[in-house]
Structure formats: structure tokens, C-alpha cells
Amino acid sequence: MRLALLLPLAAPALAEPVVPRFVDETAASGVESAYEGGWAYMVGGGVAAFDCSGDLRPELAFAGGERPASLWLNRTPVGGPLAFERGRSGIEMEAVTGLYPLDVEGDGLLDLMVLRNGESLLMRGLGGCRFEEAPASWGFERPEAWATAFAATWERGRDWPTLAVGTYIDPAEEFFPWGSCTDNLLYRPERRAFAAPLPLRPGHCALSMLFTDWARAGAPDLRVSNDREYYKGGSEQLWRMTDPPTPYTEAEGWRTLRIWGMGIAGRDLDGDGLQEYALTSMADNKLQALVLPQDGPLLPTYADVAFARGAIAQRPYTGGDVRPSTAWHVEWADVNADALPDLFIAKGNVSEMPDFAQADPNNLLLLREDGTFVEAGLEAGVASMRQARGAALVDLDLDGRLDLVVANRNAGAELWRNETEGGRWLQVRLEMPGANRDAVGAFVEVRAGGRTQSREVTVGGGHAGGQMGWWHFGLGGAGAAEVRVLWPDGTEGPWQRVEADGFVRLSPGAEPRPWEPG
Amino acid sequence: MRAWGGALAVALWAGAAGATIAPEEALATNTRLMLELVRHTPTYSPPVASRAFAYVGVAAFEAVAGGDPSLRSLAGQLNGLTPPPAREAGLDYDEGVLLQATLATMLAELFANTGPTGQRSLAGLSARLAEQAAEGLDPGVVARSRAQGEAVARHVLAWAATDGGAVVQNLGFPVAMELPGGPGAWTPTSRLVLQQLPLLPDWGFNRTFAMPDGASCPVADPIPYSEEEGSAFHLQAEEVLETSRALTQEQAEIARFWADDAMLSVTPPGHWVSIAQQVLDAREAPLDLRVEVMAVLGVALADAFIGCWREKYRFNTLRPVTYIRAQLDPVFEPLLLTPPFPEYPSGHSTQSGAAATVLTALLGEVAFTDRTGEDDGLAPRSFPSFWAAAEEAGLSRLYGGIHFRQAIEEGLAQGRCVGAYAAALETRR
């Protein structure tokens, strides 16, 4: 049983992970953005990281709530201090709750899904970090709802993406909003455009969605993490992407789980090719590991191993506030490059909930060799007490180390530069010809130092914001690695040798192409 | 709750036509809001919820009794309650404005710690109802009625502040506590951090309402703990396991119908408040009966939890899941979430026994259909009497795998004892 593998009872003493060092460069970075507003903006507040200028270094886009969203051009020198300049991009609109980049039409320019409390927009990338609303020929019907989650995939054989938009409470329910969760929407392709959206009913107030191939079956299903504060009769959901989609049931192995679901992040932690999923909530967070059956088919049955593995992040670990925490964005990232993915959780009170911590520091949980986690947020310098919502771990200065951006509610965003003297690293960028140029749905595998890592390329998850671009792997002390890509169409790429501490671009049937920032 | 949708719509939207709010509508709408706040306020575990229902019920009763000569104040009958401020003789009061002011003041105080959505609803609804209640009335009458309603509420809240249950920290879980050990002792059953210590261990020492104290309705000693096959304890554990393994569809439905989990439902006391509301609505009951039922029922539910908690921590017994996994089936999974506190006696059984006792005393043998869980996808269930519902609620804990039979039977008996104290209150002149 998989659980036993995750809980070594008599593991030998192992070295503690290298504690990363993050330097707060918010003030000098030039970024000034806050997710502002009252009740209508208590959730959301995401940040997106993606290149829109063509130089392969990530820009940042922030939701602004009652303030206009903003886009920040990356002017950071390689390995130098973080530096951004406000762009005039076309996304500067109010009521934005979240943003996710993806290349809808496969023109090599990233587009942007802009979630709003009101009408959400799909913005077409024009190059030069300019955006305009998608043309009518795309057929995208603006959803009119309190949009709070998003995911996208390219279903097998399609040359146009499938989008899922998660929605929250019915704003018309002024006094009794509980139980008023609105339908989520699924936009499937119809030739090279979107068909009219299908309702994913019942909706249970989604705060995170993720298309993910949990069973490695070659096709993703749709995970939806829902806020139990507002649904009645709801739970976490996994939709089978049939036509029409259908939710998995308990009879099919999907156990009822009711949490204040805020964020989803998947990563294979134990090298068996199947992903564990971190789910954020209030108080205890979840770390789900698939339960392997003794025999018979794989079922979507997960055991919660967060408590046993020290990933529960239930209450503040510093600052003296002992009340339970409130967790939002969640992301796996190897911040010390020791070839073990670490877990970042953005924390912050919903608003003024006195039963929950007000001084609620972000978590940085370092994965140990034995599969348990150790908290390092304070020592690493990222234990901010602002009301965090969205975040991104992304190499902003292209020095090979993952930097940190956190979007806060009613307070300024924060940026930290990673100056950890950690392990060696590799960053890969997937480039496919034709549709789905960023190879969404691919799995990237990296072998180094006797360990195989893998990650799924996805659009969605986290809380209200996503990334597209370079995918980072820590290599520990290894000076080289082998990398292969399982492409979305099922093609297995060959294992290809790459040197450590570099950027490589990978395409089907081609040799890795090193890239030098500069 | 769907059953109340019609009444609410009348209350909230009739204002445009110039209608005022009948006190019955104020009571129904605020009770509906309170049930939502109980579900969505994290400190509102079932015992805390029962306390709030009691104080709001008493406040509403006293507010109405101040102007209804047929009702007799509970001051002097409930432990520590002194007479509330009286109305001024010879002056007019509007019952809708007055009762709305009482309820709004009570809810704002008792749910001061609810989240932003609850605060938004509380503030918005209170303002809307107050505005509608006052429409077309003499401003002097409105001001006087509002002041009187608030004064009654403040009197009840001052009384509530001294009962031992007013401050709930860490969502009701001790920050530190040494767990008593030994064979058969309760041990944590969940992997949630807070729930490694049991809920509200001192709740049984709170001041009671109608019964003398938390020890007034003791239960029989639990069956002695034993791991021996054939022992009485082992047999009752086998019954839980075998029941779970052979669970029928209807038994599973019953278990879920009465699950009433904290933060996922209106809780067991809220479920009984909801039942009472449905029966009163079906009967088109007058205001005096409504406030009488809400006060006496609230008192019975609150006292029932105090008595139950006193016994739970006196005996500190383990849950079926703990015993069954250790002795009978290591992968046993109860249908319901096992609550984070000792097993004996069953809290829902005590609640249900107390509720059935007072509702039968006040409303008689009544057949009814309970739609409390309809919004959560739980089909309505019909019962020939309150006691039939109470007994089913008790058995639901066996079907759900979270209680042994003795805890259910003794819980119902304890509830009957507690309920008798509440039913003996003299509410009529």
C-alpha cells in the first residue's frame, strides 16, 4: 500500500535541508500593487508570471480588486536586484480577481484569462505585452459571475483549448448567500473556437481548479477545490472529462471531503510517477496521496498524509498568534535546489475573522529525504504577516533560483529574491509546433543523482493565478541530468543529457537547445 | 432552509408596498439567520450553539411577555435570571419593532465573531427588518419600542456573560491539557491538529438554565471496559461493527439525515430548532406560542449539553472507531465523522430526548415532516411524533458507527430527565 511507503517508521537520521535565504526587495523592485476591496474581494487576489515581451524573462500581472489590475515589465538584470516597470498592457481594468496565462491560438504569444467579479474576459496577447479582448471569432462568451478559479487543457486530438471557469457565490443573494454557489463553466472547442459553455453542475463555490492526469491515463480530469463555507451538500470534486463531464462518485472511489478549499498543487513527491496533491484550507491543510489498490483498477481514492508528514501548517509558527491559520495559494517549488520539491503556502485572514489568526505568516515547508517537511518560513525570511492571497515562485532574475512574489489583500505585494547557496539546477521550456505550443498536459521527467523527478505542465490550480514559461528542477549536487518529455499527444521523448545550471528549450524530435539569458 | 423561503420573501420584500413586519416574521427570519450563523461561525460547536439558542429564545420570550399578560416571565425560574426592564405603563409599543430590536441585539452580540459574510448578512438584514418594521409608525413609538427591545436583550446578555460559557477560545479546544490515560480512555480519532485534545472539557460545569446543575441528570455507569471476547463491552463494539458492515440503504440515510456535524450543518440543537419552526409554521402558530416554544426548547437543549458534557468527561470513554480498529477490524471506517470528544453518553441522543420531552409537552403528539437537510441534498423524513424522531436520531449514531448502544439509550434517558426540568417552567399566567 502506498501509504506505507510514505511513512517510513524507522528512517535513519538524515541531514536537514538547506534553509533558503530570501531577500526582501519589494521596495526597490518598483512593483506597487495591492488587491483592494471589501467583501466582494475577500477571495481571489492572484498574481500571474509569464513572458509577454519576448525576452523569455517573466513579467508579473496582479489582480487589483477594486483597483485596476496591473502588469509589470521585468527589467531585472541577470542575477541582479529585482527591477520592474509598470506596463500599459490593456488589462488595467477593475474587479479583477485572478489571472492565468495560456496561448489559446498557438501563435506563440501568451494570452491571459482575466477572472473578474462580474464579466470575465479572455485577453488576446498581441506581443510587446499588449492585450486586447479576444476577437469574436474565438467564440468566447464572457461569463457573468463572481469568477474565482480557472484551468485549461488541450483535450486529446484538439487544436484549441478547453477552459474551465470556477465561480463562487451568487452576488444577488444579499442576506442569505449560503447555498447560492453558481455553476462552474466549461468551454470546449468547436473547430478553432469555443462552443457555448456547459454548466458544470452542481457548482460548490470553487476557489481552485486543475486539469490533471492523476492516474497517468493519458487524459486529465478536472479537480475542483471548493469552499465549504458556502455550499450545501457539496464537497471537493473530480470531474471525469467525458462528454458531458461527470463528477466521480464515492462508488467510484472519490471520497467525500469537505474543506474550505482555496488552492490545489500537484507534484510527484516519491518518484512513483503519481502525483500527490496539496490542498489549502482554513486550519488544517491537506496532502493527499493516492491509495494504490491491492488489485484492480486505479481509483481516485486519496489518503490525507499531511498530519503524519508535517505538512499540515495548521497555525502560525511564529508571531505568537495561536489561532488557526487561513491558507490560500499553494505551490511546489524546489527553493533550495536539493532535488526535493518544497511547499509554499500563502497565508492571511479572510478579513476580520476573530477565531482565526490575524498575524498569519506564510509557510515555506522544506521537504526532507524521509518524506516529512520542516517549516523554514521564518529562517528563510518570508514570514510576512500581511493578508496574503496569490503567489508565484519564479526565477525573476534568471539566476537559476526561484524567487518569490506574494500578492496581498489591502496591502502591497511583496517580492523576495532567492539568494540561497543551494544545489544545482535546470530549467526547461517546452515548445511544440502548432496548437498547444507550451505543451500543456506534458510531463517533464528529470533524472539526476539517482533520483527521478517529474512534473505535469498545467494551467490552473494555486489560488487565482498561474505561470507559463520556464519549469525549474533542483538537481542537488549533480553536474548533469537526463531529461525527457512525455508530450501531450502521448509521444515519449528520448532521455536527453543536459548540463546543470542552464536553461534548455525542448521540442518534440529535436535536441535540447541551450539558452543563455542576457 | 427551503421550508422558510416563503415567509422570508414576504418579510424582506413586502416593504416596498408599505407593509410593516409582523413579530412572527421577525422571529422566523432571525431564527433562519441564526441557524446559518451557527453553521458558519467556527466557534459554534453544538454545545455553544445550544447556549445561543437558549439565550435568544429566552430574550424573545421576555420581550414578548413584557406586553402579553398571558405569559409569565422566566425571571426567578431560570438560574440567575432577574426580571428584565419593564415597559412603561400606559404607553404604546409596536411588537414588531420591539422584537426585532431584541433579536438583532442578541445576534449581533452572540455572533460578534462570525466571518465577513455573516457580519454582512447580520448588518444588512437587521437594518432592512428594522426599517420595514418601523414603516408608517409614529417615530416616538418606534424609538420607545426599539429601546425597550434592546434593553431586554442587554439584560439577558448580561446574565449570559456570567454562565461560564461566554468565552470560547481556540474554537473550543484546550490549548494544553493532559489526557487521562488508561484502558478504555478516550483518545483522539482525527488527524486534525485542534482535535488532538477534546472539545470543551469544562462545559459540564457551566451554569444551567432550568435544572439545578450539570450533575442533576446523571446517567448509569458505562459498561465496564473489556477487551475480552464475549464481554458486554466487546459485544457492543461488535454490534457497531456488524451494523456498519450490514448497513441498509435506509440506515445510511438515517445516519446522514441526523449527522448534524459542526460547521457542516445547523448542529443537533439547530436541527431541533428547525423542527420546531416547521411544526409551528405548519400550525400557523401565534406569537406567544412561538416564543414559548423557542425559549423552553432552547433551555432544554442547552441544559442537555451541559448535563451530557458533565457525564462525558466524568467517564471519558473511547469511541467505537478506536476500540474496533484495535480489537476487531484495523481498517474500520465509520460512516460518519467521529466527533472529537468522549463517547458516553451520546450528545445527539441527550439533545433529542430533551427536545422531544419539551416539544411533546408544549405541542402534543404531533406527526410532522422534517425538511431541515433538504438544501444539503437530504430527503425529508416523516415522523409520527417527536419521540419517534428522537429515537431515530439516537439510533443514527449507531448506524453511523460513532456510538455504542448504551450511550444512545442512556443519552435519551438523560435528555428526558433534562427536558422535564425545562417543561416544568411556568410560562403562562
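Just so it is clear: chains get the letters A, B, ... in the order the sequence lines come, proteins before strands, and each one is counted from 1.
- When heavy atoms are compared at a cutoff of 4.5 Å, B:Asn170 approaches chain A solely by way of its side chain, counted from C-beta outward.
- The shortest side-chain heavy-atom distance between B:Gln119 and A:Glu352 does not fall under the 4.5 Å cut-off.
- Heavy atoms from other residues, nucleotides or ligands lying under 6.0 Å from CZ of B:Arg381 number more than 12.
- Residues B:Thr117 and A:Met42 approach most closely at OG1-CE, 3.4 Å, considering heavy atoms.
- Proximity to chain B is limited to the side chain of A:Phe356, based on heavy atoms less than 4.5 angstrom apart.
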Acceptor/donor pairs from residues 101-109 of chain B side chains to any protein atom, 3.5 angstrom cut, sequence neighbours excluded:
| unit_1 | atom_1 | unit_2 | atom_2 | d |
| --- | --- | --- | --- | --- |
| B:Thr102 | OG1 | B:Leu98 | O | 3.1 |
| B:Thr102 | OG1 | B:Gly149 | O | 2.9 |
| B:Thr105 | OG1 | B:Ala101 | O | 2.7 |

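- If you measure heavy-atom distances from B:Leu194 to chain A, the contacts under 4.5 Å come from both the backbone and the side chain.
- B:Arg39 is not listed as a side-chain neighbour of A:Trp178, based on a closest heavy-atom distance of 4.5 Å or more.
- Taking all atoms of both residues into account, the shortest heavy-atom contact from B:Ala112 to A:Pro354 is O-CG, 4.3 Å.
- Here the closest non-hydrogen pair linking A:Arg228 and B:His40 is O-CE1, 4.4 Å.
- Residues B:Leu192 and A:Phe307 have side chains not in contact (no heavy-atom distance under 4.5 Å, counting atoms from C-beta outward).
- Atom OG of A:Ser180 and atom CG of B:Asp375 lie 11.0 Å apart (nearest 0.5 Å).
- Taking CE from A:Met353 and OG1 from B:Thr114, the interatomic distance works out to 6.5 Å, rounded to the nearest 0.5 Å.
- The environment of CD in B:Glu250 is sparse: at most 12 heavy-atom neighbours from other residues, nucleotides or ligands sit within 6.0 Å.
- Nearest heavy-atom pair, B:Thr29 versus A:Phe176, reported as atom, atom and distance to 0.1 Å: O-CZ, 4.2 Å.
- Of all the heavy atoms in B:Arg128 and A:Glu174, the pair that sits closest is NH2-OE1, 3.8 Å.
- Shortest non-hydrogen contact noted between B:Arg191 and A:Ala308 is NH1-CB, 4.4 Å.
- Taking non-hydrogen atoms and a 4.5 Å limit, the residue list of residues 314-321 of chain A in contact with chain B, ordered by number, reads A:Gln314, A:Arg315.
- Although no hydrogens or angles enter the test, the distance criterion places a donor-acceptor pair under 3.5 Å between the side chain of A:Asp284 and the main chain of B:Val193.
- With a threshold of 4.5 angstrom between heavy atoms, B:Gln196 approaches chain A through side-chain atoms but not through N, CA, C or O.
- Under the 4.5 Å side-chain criterion, counting only non-hydrogen atoms from C-beta, A:Arg258 is not in contact with B:Met263.
- Using a 4.5 Å cut-off between heavy atoms, A:Pro324 contacts chain B through its side chain alone, with no backbone atom that close.
- Within the 4.5 Å cutoff, the side chain of B:Glu333 has no heavy atoms near those of the A:Arg255 side chain.
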